[in-house]
2 protein chains.
Amino acid sequence: MVTIKDVAQEAGVSVATVSRVLNNNGYVGADTRKKVMKSIAELNYSPNEVARSLYKRESRIIGLLLPDITNPFFPQLARGVEDELSRSGFRLLLGNSDENVEKELDYIQTFVQNNVMGIITATNHVDYDIYEALNLPLVLLDRTSEEYPAVYADGRKGGRLAAQTLIDKGAERITLVKGPAHVKPAQERFQGAIGALSEADVDFSVLSTTSYSFEEAQGWAEELFDKYVDTDGVIASNDIVGIAIIHEALKRGKKIPDELQIIGYDDIPQSRLSYPTLSTIRQPAYEMGREAAQLLLKTIKKESGVERTVQLPVELVERKTTRKE
Amino acid sequence: MVTIKDVAQEAGVSVATVSRVLNNNGYVGADTRKKVMKSIAELNYSPNEVARSLYKRESRIIGLLLPDITNPFFPQLARGVEDELSRSGFRLLLGNSDENVEKELDYIQTFVQNNVMGIITATNHVDYDIYEALNLPLVLLDRTSEEYPAVYADGRKGGRLAAQTLIDKGAERITLVKGPAHVKPAQERFQGAIGALSEADVDFSVLSTTSYSFEEAQGWAEELFDKYVDTDGVIASNDIVGIAIIHEALKRGKKIPDELQIIGYDDIPQSRLSYPTLSTIRQPAYEMGREAAQLLLKTIKKESGVERTVQLPVELVERKTTRKE
DNA sequence: CCGCCTTGTGTAACCGGTTACACATAACTT
DNA sequence: AAGTTATGTGTAACCGGTTACACAAGGCGG
């Protein structure tokens, strides 16, 4: 490993001078600078971030904690975060929590141990002590909070919009699929939908589910049609479940959207590739990731007047699983 | 921030003793140990990994470089790597290269600067100097190599299997979709398919594509049916493109699998949710990630007799876009 | 010509851990 | 009882950077 000492020796100067050249601060004579640069290039030296981080008590790393990168909604968040962060030279320490408190605390701890400059987290447990004790810039992503800066899309409004859409398009026996109870955004969109349904003149039933996974989505879909045989409108808990429902409906010979309308949530990329293409409530995931990164960067730089929360708009994307009026 | 000094002071011992307690090495008296433990708990101390890493010249971080986490094949690899690695207390520094050399080199450099203990990379550029100069355990993932340990599934065989399947099931005018030229695994499966097609008695044509993205997949599908109107069997470059082709085919009123058979590649989770469900060549992505992590860990621990390469089997998954004999 | 400011560079302390080494005491050996 | 070994603990060097401080030399105003 080539260190700053090697460079100093090669250039015939002290390590302090090399450091000054590297960081472009303090006084350095023009020809000294040139010599040092030459030595750096010759030795192919690049400074050790760990040593730097130790002294400065900062780093160029931020921690990103997501529930499960395998759920297609999250890679987009992650890319948004990464693309924005890497423009400022930051790197990502990534963790999947599986919505599990222990894993989460574990990751947060190692983030801290590694001197991360900030944390972006999609947690359902902001209330835990660890976040409070955390003396670090923190941004919640895809989650709301009064205490911390947060970037999210309006789940209540989204749920409402999903329900209202089906109502407007003439669904009369709506089934509302409720996402996992411990996942906060799932509950918000559920509440929104319940609100709109309650105010309207429609029958509806609720199917409770406990996961978002591909493996189980098919099971929920089967359960749905077994229990609510004559439903003519389904509000899915997310697009994965929505696509599973399309699939099961076609298998059972239901005509979409004439006999059955379906609306998803998230607008993951593959929703445009389902058949029929899935109407859904779009959350701008990539944008959310970018916004969270920007917010975190501003907090790190201690810029004044930084927004506490950024709420991004949800939007109805009409495709082929809902009727044209 | 509470440091080892604080703990030492609180417990009335030296930092060396605290360190010995932490690392469970050297001699420590039973009651001293107890005192130290108590102080650690009281102060809620957890050691700074950065300082540790600096002295030991090692860390509990490994670098993972993937082309694009937004492509549904890769999150599975990433989860496999993470799940396996976290069992040994390692964390993941993640980068997306977009198959772009500069980004790749940039990430590799920061990995090194952060004292990562090893790197897992899905690169098309192993031949670059930087990997050679890298004095670090390296494992290639989803890529083959003579020089470095590698974990991959047999692309040639997979391509061959895809083609042979369509031939066996009676397709007579096959279209082979060729993935991006700079992506190595894409070329291997392409070569495999070409091989099988050349040996058989079928007409076939090749459609060249330059990306795997959701956005463009639909375009490739349209182009395919515009150019090769009467094709009755498509070998897609991956499942995303495969699903886009199903979609376009249904839109054009083709009967699947009677008039048109389609076979994908990868077996991403959503392939089970397409309609009709996509027949495909399965790569065990999660397993591949795990294997790569295991291989890397073994290399780090300098275990002897570590395999150079792990080739995982590809497998035909027959679903509804291919005929039953 | 003298005092002061600007410029340029080196020395050494520091960040928070780990560990080689020194030293002291207790426990065995023979 | 003296020598040897095992046990327990502290001091200080070290990892590779950054920076406070000291010091020297040159430029400039009065």
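Here the structure is a predicted model, which is why all the values come from computation and not from measurement. Proteins get letters first, then strands, A, B, ... in listed order; numbering begins at 1 in each.
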Asks: Report the distance from atom CG of B:Asn48 to atom P of C:dC14, rounded to the nearest whole Å.
Replies: 18 Å
Asks: Going by an N to O cut-off under 4.0 Å, is there a salt bridge joining B:Lys298 and B:Glu307?
Replies: yes
Asks: Is any side-chain N of the basic residue among B:Asp68 and A:Arg79 closer than 4.0 Å to the acidic one's carboxylate O?
Replies: yes
Asks: For B:Asn96 and B:Tyr107, does a side-chain donor sit closer than 3.5 Å to a side-chain acceptor?
Replies: no
Asks: Just the rounded figure in Å: distance from C1' of C:dT11 to NZ of A:Lys5.
Replies: 13 Å
Asks: Look at B:Glu42 together with B:Lys38 and state whether they make a salt bridge at an N to O cut-off of under 4.0 Å.
Replies: yes
Asks: Scan residues 107-116 of chain B against DNA chain C and write down, sorted by residue number, each residue with any heavy atom closer than 4.0 Å; if none is found, say none.
Replies: none
Asks: We want to know whether A:Thr70 and B:Gln76 form a side-chain donor-acceptor pair, criterion being a heavy-atom distance below 3.5 angstrom.
Replies: no
Asks: Figure out the CE/P separation between B:Met1 and C:dC15, and round it to whole Å.
Replies: 12 Å
Asks: What I want to check is whether the side chains of A:Asn114 and A:Thr110 have a donor and an acceptor closer together than 3.5 Å.
Replies: no
Asks: Kindly give the atom pairs (protein nitrogen or oxygen, nucleotide nitrogen or oxygen) under 3.5 Å for nucleotides 18-23 of chain D.
Replies:
from, atom 1, to, atom 2, distance (Å)
D:dT18, OP1, A:Asn23, OD1, 3.4
D:dT18, OP1, A:Asn23, ND2, 3.2
D:dT18, OP2, A:Ser19, OG, 2.7
D:dT18, OP2, A:Asn23, ND2, 3.2
D:dT19, OP1, A:Lys56, NZ, 3.4
D:dT19, O4', A:Tyr55, OH, 3.4

Asks: Which part of the nucleic acid does A:Thr32 contact within heavy-atom distance under 4.0 Å: base, sugar-phosphate only, or nothing?
Replies: sugar-phosphate
Asks: Assess, by modelled atom type and distance only, whether the side chains of B:Glu132 and B:Tyr148 contain a donor and an acceptor separated by less than 3.5 Å.
Replies: no
Asks: Nearest to the side chain of B:Ser14, heavy atoms from C-beta on, is which of C:dG8, C:dT11, D:dG10?
Replies: D:dG10
Asks: Using a heavy-atom cut-off of 4.0 Å across all strands, would you classify A:Val13 as base, sugar-phosphate, or nothing?
Replies: sugar-phosphate
Asks: Please determine whether a side-chain nitrogen of the Lys or Arg among A:Arg290 and A:Glu84 lies less than 4.0 Å from a carboxylate oxygen of the Asp or Glu.
Replies: yes
Asks: To the nearest angstrom, how far is B:Glu58 atom CD from D:dC15 atom P?
Replies: 15 Å
Asks: Say whether A:Asn115 and A:Ser53, considering side chains only, have a donor N or O and an acceptor N or O under 3.5 Å apart.
Replies: yes
Asks: Please write out the pairs of protein N or O atoms and N or O atoms of nucleotides 3-7 of chain C separated by less than 3.5 Å, giving the distance to one decimal.
Replies:
from, atom 1, to, atom 2, distance (Å)
C:dT7, OP2, A:Tyr27, OH, 2.6

Asks: Taking atom P of D:dC14 as reference, at what distance in whole Å does atom CG of A:Leu54 sit?
Replies: 17 Å
Asks: Can you confirm whether more than 12 heavy atoms, excluding those of B:Glu10, are under 6.0 Å from its CD atom?
Replies: yes
Asks: Any side-chain heavy-atom pair from A:Arg52 and A:Glu58 closer than 4.5 angstrom?
Replies: yes
